[in-house]
Asks: 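The structure's right below; bear with me while I get my questions together.
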Amino acid sequence: MARIGVLGISDGREHVHQRNSDFIREKQSVLVRSLRAAGHEVIEGGDPVNSNIAATAQGRRLADSGVDVTVLYYAVWAFPHFTMLAASALDTPLVLAASTDPTEPGLVGMLAAGGALDQIGRDHTRTWGAPDDPEPLSHIGARATAAAAASGLRGLTFGRFGGRPMGMNTAVANTDQWQRSFGIDVEEIDQYELVLRSRHADPGEVRKAREWFEQYAGEVRYDGDKLTPELLERQIASYLAVREIIAERGLDFSGIKAQPELTENFATMDVTEALLNDPYDWNGPKRPHICATEADMDGALTMKLLSDVAGTPALFADVRHYHPDRDVWDLCNSGQHATWFAARSADPAENLSRVRLCPEVFFFPAGGASVRHIAAPGTMTLGRLTRRDGRYRMQLMLGEFLEFDPATTAELVDRSTPEWPHAFARLDVPTETFLSRFGANHIHAVPGDHRTELRAVAQLLDLDLEEWTR
Ligand SMILES: C[C@H](O)[C@@H](O)[C@@H](O)C(=O)CO
């Protein structure tokens with residue numbers, strides 16, 4: 001939940017302030033109530049600011065309370081230097097919000113303060129309307145969500161299990177750049193640690209998890225070779241091992257290389273990664289732990305931001321195929337999709353009933369289960385942080401996940417790899433543009449349209465924004 005600071009700015013003439021302060025308080029309390037009703041935590045600076053001393057003191061107080069964004073509120077004509085002093089005490093993003101009640105010159109106050117901020121190059125956004133109008137509320141909410149996601153990266157630790165998989169440069173980022181641009185530290189973990197610890201996983205828990213899959217999954221397709229109860233248990237034990245390492249080293253999100261060492265000699269990490277990304281496991285609800293397969297650093301970073309903005313798990317997929325006859329992309333990957341995407345239900349049984357655990361295919365001699373399902377339909381926000389010549393850019397678009405009748409679905413999955421999870425997507429971008437310019441093999445998605453928040457994230461993190469539409 002984002003934390004929003006609100007500072008009402010007033011007039012420096014005592015008699016005007018006396019006359020107007022109730023008016024400001026009234027408008028501001030409607031704004032604060034409406035923001036709280038929309039699910040945000042709101043902290044008010046105090047009485048409307050009518051002096052330089054109050055401006056600095058209230059700015060400092062809000063800064064100390066750790067707000068993600070500060071709203072400077074103009075219900076009346078307000079002395080602009082109060083805004084400047086408060087702003088200088090605050091390093092949060094600023095939103096200037098004006099009341100459009102024409103009985104008082106609130107808009108004038110906002111424009112004067114905004115101009116002064118422009119003159120010193122202090123970024124801010126502006127919004128206006130009645131304090132309970134949907135437009136200012138959604139503007140402030142989106143900025144707050146974006147600011148919380150962007151600043152929430154600072155101080156995080158990414159756990160990198162393994163390293164660059166199969167020569168995939170797009171999966172590897174510069175750790176100095178991550179530290180400088182996002183404030184994220186990268187902890188390197190040898191995959192051997194995962195193997196070693198999986199051997200000591202609690203056998204009772206591992207059995208319980210296997211039985212949970214056997215009871216709730218649409219199918220567990222044991223074949224006596226690539227998928228046996230023992231191999232499935234090894235994948236579950238790997239999940240427990242990673243959980244243990246996450247807790248021990250304080251990892252906030254992670255990536256697992258897997259290919260080729262684990263997939264040739266141990267087991268695929270598909271079940272492990274799906275369980276990490278899911279909002280539940282066999283013991284009930286839990287927080288998703290963002291984990292990217294192929295230790296894809298920028299993939300994991302994108303998933304973290306998408307997930308924080310949307311409040312849901314994030315999808316990881318290969319851009320596998322485009323069906324021109326249907327204008328549909330097959331977003332597919334060996335098994336990384338969280339099972340939640342199958343029905344996007346809070347009830348794991350509903351999602352798992354659409355999941356088939358299939359024996360792994362020829363790429364992965366060590367075997368294990370792939371987590372096969374078709375992502376549920378709906379509007380999605382898709383994209384990825386990619387790099388061009390050392391600079392980060394956010395490549396962003398809207399799309400629609402589609403559902404086909406069973407015969408068409410079978411025909412489509414059979415044309416790529418039927419054992420793997422698929423999301424059939426119509427992307428709001430010309431194929432030519434996407435294939436010529438998308439900067440990676442992996443794409444990520446969350447349900448809903450979160451482009452407003454993500455545009456703000458790009459601005460706050462100084463990412464170039466490359467947004468596509470048809
Ligand atoms: C089977 C291959 O090794 C896959 O892992 C490959 O297609 C990828 O997923 C690349 O992102």
Side-chain angles (χ1 to χ4, degrees), residues 158 160-173 191 194 225-227 231 235 238 253-277 290-304 306 313-323 329-339 341 356-375 382-387 395 412-425 427 434-435 437-445:
F158 173 75
R160 187 170 183 249
F161 291 78
R164 189 181 71 170
M166 303 177 293
M168 199 183 294
N169 288 353
T170 50
V172 180
Q191 293 184 107
L194 185 163
D225 176 26
K226 286 295 187 61
L227 181 54
L231 273 168
Q235 293 179 291
S238 302
F253 64 128
S254 61
I256 305 176
K257 180 185 182 194
Q259 301 182 65
E261 298 88 352
L262 300 182
T263 53
E264 308 264 317
N265 306 299
F266 184 65
T268 62
M269 288 296 106
D270 300 335
V271 170
T272 307
E273 290 156 350
L275 281 169
L276 287 166
N277 282 297
I290 297 296
C291 178
T293 197
E294 291 166 343
D296 178 356
M297 295 176 67
D298 287 343
L301 179 58
T302 307
M303 290 165 76
K304 180 85 184 101
L306 288 176
L315 189 91
F316 177 113
D318 275 352
V319 182
R320 174 66 184 266
H321 183 65
Y322 177 66
H323 294 278
W329 295 85
D330 184 353
L331 309 180
C332 171
N333 187 274
S334 59
Q336 156 87 50
H337 301 200
T339 67
F341 280 97
R356 295 180 208 160
L357 298 189
C358 299
E360 266 302 357
V361 298
F362 72 94
F363 287 112
F364 309 129
S370 60
V371 185
R372 192 269 200 205
H373 58 81
I374 311 295
L382 300 102
R384 176 173 167 102
L385 266 59
T386 61
R387 282 163 283 146
Q395 297 187 305
L412 291 178
V413 299
D414 282 347
R415 281 160 74 176
S416 59
T417 306
E419 294 84 355
W420 290 353
H422 298 261
F424 292 112
L427 300 183
F434 185 91
L435 287 176
R437 303 201 354 222
F438 195 60
N441 41 327
H442 296 153
I443 191 164
H444 314 283

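Bear in mind that the values here come from a model prediction, so they are computed numbers and not experimental data. Indexing begins at 1, ligand by ligand and atom by atom, following the structure's order.
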Asks: Does either side chain, that of Glu419 or that of Ser370, offer a donor lying less than 3.5 Å from an acceptor on the other one?
Replies: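 No, no side-chain donor-acceptor pair sits under 3.5 Å.
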
Asks: Between His444 and His442, how do the two ring planes meet: parallel, tilted or perpendicular, split at 30° and 60°?
Replies: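 Aromatic pair His444/His442 classed perpendicular.
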
Asks: Going by the angle between their ring planes, with limits at 30° and 60°, are His422 and Phe424 parallel, tilted or perpendicular?
Replies: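 His422 vs Phe424 ring planes: parallel.
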
Asks: Any side-chain to backbone donor/acceptor pair from His337 onto Arg372? Under 3.5 Å, distance only.
Replies: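 The answer is no, because no donor-acceptor pair under 3.5 Å joins these two groups.
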
Asks: Would you please name every residue forming a ring-ring contact (aromatic ring centres under 6.0 Å, His included) with Phe364, sequence neighbours left out?
Replies: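 Phe364: no ring-ring contact (aromatic ring centres under 6.0 Å, His included) contacts found.
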
Asks: Can you pull the residues with any heavy atom under 4.0 Å from ligand 1?
Replies: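 Lining ligand 1: Met166, Met168, Gln259, Glu294, Asp318, Asn333, Phe363, Phe364, Trp420, Asn441, His442.
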
Asks: Assess whether side-chain contact (heavy atoms from CB on, under 4.5 Å) is satisfied between Arg384 and Asp298, documenting all intermediate values.
Replies: CA-CA 8 Å; Arg384 176 173 167 102; Asp298 287 343; 3.5 Å; yes

